[in-house]
Each structure stands twice: as structure tokens, then as C-alpha cells.
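Numbering starts at 1 and runs along the sequence shown. Counting starts at 1 for both ligands and their atoms, in listed order.
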Amino acid sequence: MSYIAVDLGGTNIRAARCDADGRILARVGCPTRPEEGVEAVIARIISAIQEVWPTDESVEAMGVGVPGPLDPRTGVVLTAPNLGWENVPLADRLWEQFRVPCFVGNDANLAALGEWQYGAGRGHEHLVYLTISTGIGGGVITHGMLLEGAHGLGAELGHIVVEARNGPRCGCGQTGCLEAMASGTAIARMAREAWARGDPVPWPDPPAVTAADVAEAATRGDPVASVIMDRAAFYLGVGIATFWHIFNPTLIILGGGVMKTGDWFLEKIRAYARERAMTPDYITPIVRAALGDDVGLLGALAYARMRL
Ligand SMILES: [Zn+2]
């Protein structure tokens with residue numbers, strides 16, 4: 001018996017057939033091309049699933065990870081800015097096509113589940129997962145369960161406010177969210193601001209600088225880049241200390257593109273978090289995610305198994 005896992009992102013669709021132990025038996029990927037509209041994307045999801053699903057193989061359930069607010073009970077994607085979607089009944093559409101139970105969940109929550117079941121979080125009953133990439137997403141496992149909240153809208157850990165008065169505008173409309181202070185987008189913005197101030201930036205094309213450029217320059221010791229990365233690490237530490245205080249987890253897992261930066265960056269985050277812990281009792285290991293690019297698929301698998 002196998003499961004279908006789908007990782008629907010703004011850039012790529014990945015689909016896989018997996019067994020319950022987290023082994024990927026077949027996989028396929030294609031570009032999402034959201035600009036072609038909802039129907040075109042749904043058609044690509046369906047054909048990706050068909051590619052990994054041999055007709056003689058029975059499937060227990062499907063899990064689909066989607067960015068953006070959605071209702072996990074109905075499988076309706078409420079809004080997904082990266083996809084340009086509004087009120088799309090994705091679970092129903094896939095059920096109509098395949099007649100297999102289909103569960104749609106927030107991609108960051110699913111990633112937390114995936115790391116818990118198959119990755120860095122195995123054996124923990126309480127953990128917090130953060131993905132730090134273009135934005136910041138998060139998921140919480142508490143008492144051995146995924147925390148989704150009353151309407152399935154939790155846990156938006158990237159939108160805790162860490163700089164309420166003077167913070168920049170976040171993609172969500174508020175100011176000073178963790179995402180606006182420490183995501184890849186925030187790091188690139190700080191780099192452009194440094195250039196606009198006249199700081200001696202090391203990038204040949206400052207308006208096009210990326211978070212990866214800043215991280216690489218900071219790793220080489222560039223002072224402007226180092227200040228920016230230090231600032232991101234500081235706010236991540238502030239956020240993590242807050243999560244320690246609220247959830248009292250035994251582990252913090254950090255994933256996403258920004259965490260590809262060297263160990264010095266992780267060390268800074270750990271130091272800033274420890275500085276702000278209310279008492280040492282709250283302090284736990286802060287580790288890197290283990291599943292890499294497969295976190296979305298394995299998270300979708302874990303979610304399908306959890307919901308079934
Ligand atoms: Zn926000």
C-alpha cells in the first residue's frame with residue numbers, strides 16, 4: 001500500500017509515490033507556471049500524480065502541501081499569493097479525479113511533520129520547525145501532535161512581530177514581523193538599503209543582490225554583509241527564544257535556503273536565542289533540518305498518514 005505526496009510551490013510542482021516508512025518509490029517534478037491560471041496548474045498536478053502512480057498499484061491516501069492560508073478540513077485553498085489562487089477546492093478536485101482521500105495542508109506545517117516523522121525531529125514529542133527562505137514559515141509539534149489551531153490557520157511563526165514600531169512592512173501587511181526582519185527577502189532588502197546609504201557593498205550589481213550573495217560575502221568576512229547577517233541572526237534568536245517560552249519544545253529545527261549559510265550563522269542564532277531565554281531551563285538544541293528538498297514530499301506523506 002502506498003501514498004501519493006504532492007509539494008505544490010510557486011515555482012515547482014513535485015509529486016511522489018511513497019511507502020509508509022518514508023521511502024520515495026517514484027518521483028516527478030515540473031514547473032508550476034501559476035500565471036497560466038488555476039485550471040492549468042490543477043491539470044499539471046493531476047498529470048504529475050498519474051506519472052508516479054502505476055494503474056495496478058492501490059493508493060491509501062494523498063497529501064498535498066500548499067503555500068498560503070487554507071482550510072485543512074475542507075481542502076480549500078483560501079488565498080495563495082504565490083499561486084494567485086483564491087478559494088480553490090483542491091481536495092475535492094483531486095478526489096473527483098482519483099477517488100482517493102486527499103488531504104491539503106499548509107506547506108510549513110507539513111514540513112514540520114516531515115522533519116518530525118522522518119528527519120531531524122524523530123523521537124521528539126515537542127518541537128518547533130522554522131523554514132527561512134523567501135519568507136519564514138513554521139510548524140509546531142506539541143504533545144506528539146501537529147498544532148493547527150481552531151480553523152487550521154496556525155502556526156504562522158514567521159508573522160510574530162519582533163520590531164513593532166520601527167520594523168519594515170511585511171508581505172502580510174503588518175510591520176516588523178520576523179519574516180520582514182530575517183527572511184531571504186529581508187536580507188536582500190537590507191543589502192539594498194546598505195547600498196542606498198552609501199555603505200561600501202561588495203556586490204557588483206547591488207539592486208539585484210540576493211540573500212545568498214550576502215551570506216557568501218559575510219562568510220568571506222565582508223563587514224557590510226556581516227552586519228546584515230548578524231541582524232538576521234539576532235531576530236531569529238529573538239523569535240526562537242519566544243518559541244521556547246510559548247511551546248517549551250525539546251528541539252528547534254531550522255530549514256530553508258538561508259540556512260545553507262555556514263555554521264557561523266547557526267552559532268550566532270544559537271547565541272542570540274540563549275541570551276534571551278527567560279531561564280536556562282528553556283534552552284534546547286537548535287539544529288539544521290535533515291530532509292533537504294524532500295521535506296515537502298515527506299511532509300505531505302506524513303500529513304496524509306496523520307489525517308487518514
Ligand atoms: Zn508578516
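Note on D263 versus R288: salt bridge recorded, some NZ/NE/NH1/NH2 to OD/OE distance being below 4.0 Å.
Here OG of S133 is found 12.0 Å from CE of M259. Values are rounded to the nearest 0.5 Å.
A donor-acceptor pair under 3.5 Å is absent between the side-chain atoms of W195 and the main chain of D199, judged by distance alone. Here the side chain of T175 pairs a donor or acceptor atom with the backbone of A164 at under 3.5 angstrom.
Neighbouring protein atoms of the Zn ion (ligand 1) (N, O or S, distance under 2.8 Å, waters ignored): H159 ND1, C170 SG, C172 SG, C177 SG.
Under the 4.5 angstrom side-chain criterion for Ile, Leu, Val, Met, Phe, Trp and Tyr, the cluster partners of L153 are V76, L78.
Open room surrounds CZ on R231; 12 or fewer heavy atoms of other groups in view lie less than 6.0 Å from it.
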